[in-house]
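Following: one structure in structure tokens, then a few remarks.
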There are 2 protein chains.
Amino acid sequence: MAESSTQVRPGGRSAKVRAAVHRAVAELLAEEEAETLTLPAVAARAGVHPTTLYRRWGSTAQLLNDVATSRFTDDLVVPDSGSLEGDLQRWLADVATDVADPDTLALMRATIGSGPAGGCACVEDRHRQLGAIIRREQERGGAALDVESAADFLLGPLYYRAVFTAEPASADWARTLVSTYLATLRTS
Amino acid sequence: MAESSTQVRPGGRSAKVRAAVHRAVAELLAEEEAETLTLPAVAARAGVHPTTLYRRWGSTAQLLNDVATSRFTDDLVVPDSGSLEGDLQRWLADVATDVADPDTLALMRATIGSGPAGGCACVEDRHRQLGAIIRREQERGGAALDVESAADFLLGPLYYRAVFTAEPASADWARTLVSTYLATLRTS
DNA sequence: AAATTATCGCACTGATCGTTGCGTTAGTGG
DNA sequence: CCACTAACGCAACGATCAGTGCGATAATTT
């Protein structure tokens, strides 16, 4: 058989270290400026030797990307309320309350600055969730919405407010966003 | 008279240094990763001693903020086409072509990561411009739009696409964005 | 249970960052 | 033209970062 050259070993200790490092990143990002997020600082907070971070992640950008992907994947259950509007409203309200958390927002902003230009770990899973909701509506016999267009009009205003402005994006506002978006689709 | 304690001196040399540093930041941000943007690196590219940067700006965050504010203020002329839809379409198309530039986008992303949470130098002037367009429509006798709401539905999808996704936001797409937004207002 | 080896801790080193004191250059006002 | 001083260049210094070799620990397989 063709054996893999490097055999991964995600056993107890590695998982513990990984969890401690992720928690340390979240804590430091919540209380300090993003500038001070260096690998030695994270290591000191996590109670881990700095060498481990240099070996496993290499740079703060890759570490932030890892933290963001594991933080923003499978964090929201896609609801099934029976109707498209209900599904979208519950889901977008959950997204709104999620990004309203200062810690989550700090992680998003840091990931934007460090991540690769184009495509951010913060929104990949959101698009998947939105696609699942739309696909279910299609299976119900409803209209076939475009995922990208829906993301533009639903996630666009929400993330814009969260990232660029200082105003909070409440769950109620997210629900009205869904209503006006669906109304626009009916009239056109 | 009450004299100012520190007398500013924006003469030829300071302006030259400032311009060279700003240009160096733009160049490094366009070709390197945002991680490598340190004050010594900027100083070397600008042909200026690092001490000058430490004294005048202090940190990369403040330098980026300074570059962003001078880059995104008074960069777009607010058009006057006679109608609200024409004004918005021309203005948002200009904004779209602006953020479609990779260098501009890199500066935006770096500023988001380094800037203070809430309120970004990238959008402050955009809101002023949008407010001017809306105010002019009011003086014509037209409807009184809410600036924040208009920013949500116009700048929101545009900036969301630019920052979070890899897809380009074309000027044509920006124009259709304005049309659908105004159509939504008429039906409601 | 023993062997294998991925992973981590430790000590050490070179490189770069951030800061300070001091002399020089060059705008600004008299 | 001359005095004044803001702004810059220079050199030196700690502090911290980034990386490497080696031994110890513990997860995994036989």
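The chains referred to below are lettered A, B, ... by the order of the sequence lines, with proteins before strands, and numbering in each begins at 1. Values below: all heavy atoms of this structure, side chains included; hydrogens, waters and symmetry mates excluded.
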Measure CG/B/L53 against P/D/dC10 and give the value in whole Å, please.
14 Å

Of C/dC17, C/dT7, D/dC8, the nucleotide closest to the side chain of B/T38 is C/dC17

For B/R71 and B/T104, test the side chains for any donor-to-acceptor distance below 3.5 angstrom and give the result as yes or no.
yes

Nearest of D/dC10, D/dC8, D/dA26 to any side-chain atom of B/T52?
D/dC8

For the pair made of CG in A/L37 and P in D/dC17, what is the distance, rounded to whole Å?
11 Å

Using every non-hydrogen atom in the two residues, find where B/L39 and B/L53 come nearest and quote the distance to one decimal.
O-CD1, 3.2 Å

With the threshold set at 4.0 Å, does a side-chain nitrogen-carboxylate oxygen contact exist between A/R175 and A/E85?
no

To the side chain of A/H49, which of C/dA11, D/dC17, C/dT7 is closest?
C/dA11

Side chain of B/R56 only, please: which of D/dC8, C/dT7, C/dG9 is the nearest?
D/dC8

Per atom distances to the B/R55 side chain, the nearest of C/dC8, C/dT19, D/dC10 is D/dC10

Take B/L39 and A/G47, find for each the nucleotide of DNA chain C with the closest heavy atom, and name the residue whose nucleotide sits nearer the 5' end.
A/G47

Could you state the atom-to-atom distance from NZ of A/K16 to C1' of D/dA27 in whole Å?
13 Å

Please check the phosphate of C/dG18 (OP1 and OP2 only) for any side-chain N or O of B/Y54 closer than 4.0 Å.
yes

Of the listed D/dA7, C/dC8, D/dA18, the closest approach to the A/V17 side chain comes from C/dC8

Using only modelled atom types and a 3.5 angstrom limit, is any donor from either the side chain of A/T51 or the base of C/dC10 paired with an acceptor on the other?
yes

A/L63 CG to D/dA18 P, in whole Å, measures 12 Å

Let's see if you can work this out: which of C/dG9, D/dC17, D/dC8 has an atom nearest to the side-chain heavy atoms of A/P40?
D/dC17

If you look at every heavy atom in B/A151 and A/Y160, which pair is closest and at what distance?
O-CE2, 4.0 Å

Would you call the rings of A/Y181 and A/F153 parallel, tilted or perpendicular, where under 30° means parallel and over 60° means perpendicular?
parallel

Rounded distance (Å) that lies between atom C1' of C/dT28 and atom CZ of B/R13
13 Å

